[in-house]
Amino acid sequence: MINIDDIRQPIADEFYRYEKMFAQIMQSNNSLLNEVLDYIRAKTGKQLRPLLVLLSAQLCHGVTDKSILTAVALEMLHNASLVHDDVVDSSPMRRGTASVQAKWTNKVAVLVGDYMLAKVIDTTAAIRNLPILNIVAKLGRNLSSGEIMQLHAGSSMWIDEPQYFRIIDHKTAQLFAACTEAGAESSGASMRQTTALRTFGQELGICFQLKDDIFDYSDTEDLGKPTMNDIRDGKATLPLIISLQRAPQPEAEHIKQVAEDLINGLADPTDAEQEIKSFVLRYAGVRYATARMNEHKKSAIEALNVFRDSPVKTALLSLLEYAVNRDH
């Protein structure tokens, strides 16, 4: 299994600088706010987003102080969006532990998320680079519009494949693309390099989200979130969407009703979830989603062809392999 620490090796010193800067900026003079910020910082996971920023910068002309600040700003924006998303979704868990809104209150979560967004503005302003400012601002819009798109789709729940990809493009792919594009920009990369890295990030983000959605039909327990979580939240993902298209209409309508009963608390959760999982496996929904993921993986690899082979390029390709082969 690919190890994230090994992927970090080409920018190990730079990543240490990032961690120190992130810890410094994620501080305040308010004791409650500090408590919540420390809690968020303690469970930031594998920090793939700052890793992408720094690797992208190093692949071009090297990590700069602007690269470090860009990595901090984008990681704070990501975490602020997660805090707010957990309020919207009433999610009790985040990365295997209690979400901020579950541990404190919705009010605290919203205000802490707002504080982090203000710090994102401060940090981005300190970079003094208009293209990076535009990238961060555009990402903020995309994350919000993606969540609204998903909520709107949730009013009917049953979206098609093009709608699904529009949503994951806004919610996940654009985040990864912003990291690689801004990382390149922070190092003074050429337009050709910046475009290639943005494409790589976007394709990587799609792979990452598809893998997450495949996990929803896994029996693995150590995923950081419950399986079938999306369907219980009224979100149909690609494995189910395709299976519904492939199944005879009466069976598809039955599964839709089972899902809606599960969402509304009218069905036994264990029985309903098993029936939906069996349906998706029967109509090869997971196999289809895996095939689409591998198509985007191929596109991501091709995007890096403009760069010569190097330990940094190898690290980015290893990160792609990690995204599609991880087991949690």
Side-chain angles (χ1 to χ4, degrees), residues 1-23 25-26 37-59 63 67-68 70-83 85-86 91 93-100 116 139 143 168 171-180 182-183 197 200-216 218 220-226 229 293 297 300 311-328:
M1 183 65 189
I2 295 170
N3 190 304
I4 293 295
D5 289 337
D6 291 338
I7 296 173
R8 284 183 188 153
Q9 278 308 304
I11 45 93
D13 292 342
E14 292 81 359
F15 199 86
Y16 176 71
R17 288 172 56 203
Y18 153 76
E19 289 181 310
K20 286 182 65 177
M21 181 64 70
F22 187 73
I25 291 177
M26 284 277 281
L37 292 174
D38 286 345
Y39 182 77
I40 294 169
R41 189 163 56 84
K43 59 192 193 83
T44 48
K46 297 177 177 64
Q47 301 187 88
L48 300 182
R49 287 139 298 269
L51 180 57
L52 274 172
V53 173
L54 299 180
L55 284 173
S56 297
Q58 190 77 340
L59 185 63
V63 173
S67 307
I68 301 295
T70 298
V72 170
L74 287 169
E75 182 68 357
M76 280 198 300
L77 177 56
H78 169 63
N79 279 281
S81 73
L82 295 182
V83 171
D85 285 354
D86 286 341
S91 177
M93 302 290 288
R94 170 62 61 183
R95 293 173 176 144
T97 58
S99 62
V100 172
M116 292 173 68
L139 175 61
L143 292 175
I168 70 168
K171 290 196 65 181
T172 306
Q174 292 299 322
L175 172 58
F176 283 66
C179 290
T180 50
L197 278 163
F200 173 81
Q202 187 165 8
E203 298 295 339
L204 170 64
I206 293 172
C207 289
F208 201 90
Q209 187 60 57
L210 282 167
K211 187 67 172 183
D212 262 4
D213 293 344
I214 290 167
F215 278 142
D216 220 26
S218 168
T220 303
E221 294 181 358
D222 185 26
L223 298 180
K225 70 171 186 176
N229 197 49
M293 179 179 68
K297 174 187 173 184
V312 179
K313 180 178 175 178
T314 298
L316 282 167
L317 291 172
S318 295
L319 187 53
L320 176 63
E321 288 294 336
Y322 167 82
V324 301
N325 292 313
R326 61 200 165 99
D327 55 10
H328 63 279

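Side chains are part of it too, since the values below use all heavy atoms of this structure and drop only hydrogens, waters and symmetry mates.
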Subject >> Test log, rule side-chain hydrogen bond (donor to acceptor under 3.5 Å, both in side chains), inputs Gln9 and Asp5 >> reply: CA-CA 7 Å; Gln9 278 308 304; Asp5 289 337; over 6 Å; no

**OP:** Please test Asn325 against Glu321 for side chain to side chain contact (heavy atoms under 4.5 Å, CB included), starting from the C-alpha separation and ending with a verdict.
**Re:** CA-CA 6 Å; Asn325 292 313; Glu321 288 294 336; 2.9 Å; yes

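Taking a 6.0 Å sphere around NZ of Lys43, one finds it holds more than 12 heavy atoms contributed by other residues, nucleotides or ligands.
Remark: Leu316 CG to Ile7 CD1 distance equals 9.0 Å, nearest 0.5 Å. To the nearest 0.5 angstrom, Arg94 atom CZ is 4.0 Å from Asp86 atom CG. In this structure, the separation between CD1 on Ile68 and NZ on Lys20 is 11.0 Å, given to the nearest 0.5 Å. Note that CE of Met26 is 6.0 Å distant from CG of Asn79, once rounded to the nearest 0.5 Å. Rounding to the nearest 0.5 angstrom, the gap separating the CZ atom in Arg326 from the SG atom in Cys207 is 10.0 Å. The CG atom of Leu319 sits 8.5 Å away from atom OH of Tyr322, with the distance rounded to the nearest 0.5 Å.
Remark: the backbone N or O of Ser91 is paired with a side-chain donor or acceptor of Ser99 at under 3.5 angstrom. In this structure a side-chain-to-backbone donor-acceptor pair under 3.5 Å is present from Gln58 to Val63. A distance-only check finds no donor-acceptor pair linking the side chain of Lys171 to the backbone of Leu143 [under 3.5 Å].
Smallest separation of non-hydrogen atoms from Gly201 and Thr180: CA-OG1, 3.5 Å. The nearest pair of heavy atoms linking Leu54 to Ala71 is CD2-CB, 4.3 Å. Nearest heavy-atom pair across Leu204 and Ala300 is N-CB, 4.4 Å. Taking all atoms of both residues into account, the shortest heavy-atom contact from Ala323 to Phe208 is CB-CD1, 3.9 Å. Heavy atoms only, all atoms of each residue included: Ile206 and Ala173 are closest at CG1-CB, 3.7 Å. Heavy atoms only, all atoms of each residue included: Pro10 and Pro311 are closest at CG-O, 3.8 Å.
Cation-pi geometry between Arg8 and Tyr16 is not met at under 6.0 angstrom from the ring centre and within 45 degrees of the axis.
Checking Ile25, Ile40, Leu37 one by one against Met76, the side chain to side chain contact (heavy atoms under 4.5 Å, CB included) holds for a single residue, Ile25.
Residues Gln174 and Gln202 meet the side-chain proximity criterion, which asks for heavy atoms closer than 4.5 Å. Residues Phe176 and Glu203 form no side-chain contact, since every pair of their non-hydrogen atoms from C-beta on lies 4.5 Å or further apart. Between Leu175 and Leu77 the shortest side-chain heavy-atom distance does not fall below 4.5 Å. When side chains are defined from C-beta on, Tyr39 counts as touching Thr97, because their heavy atoms get closer than 4.5 Å.
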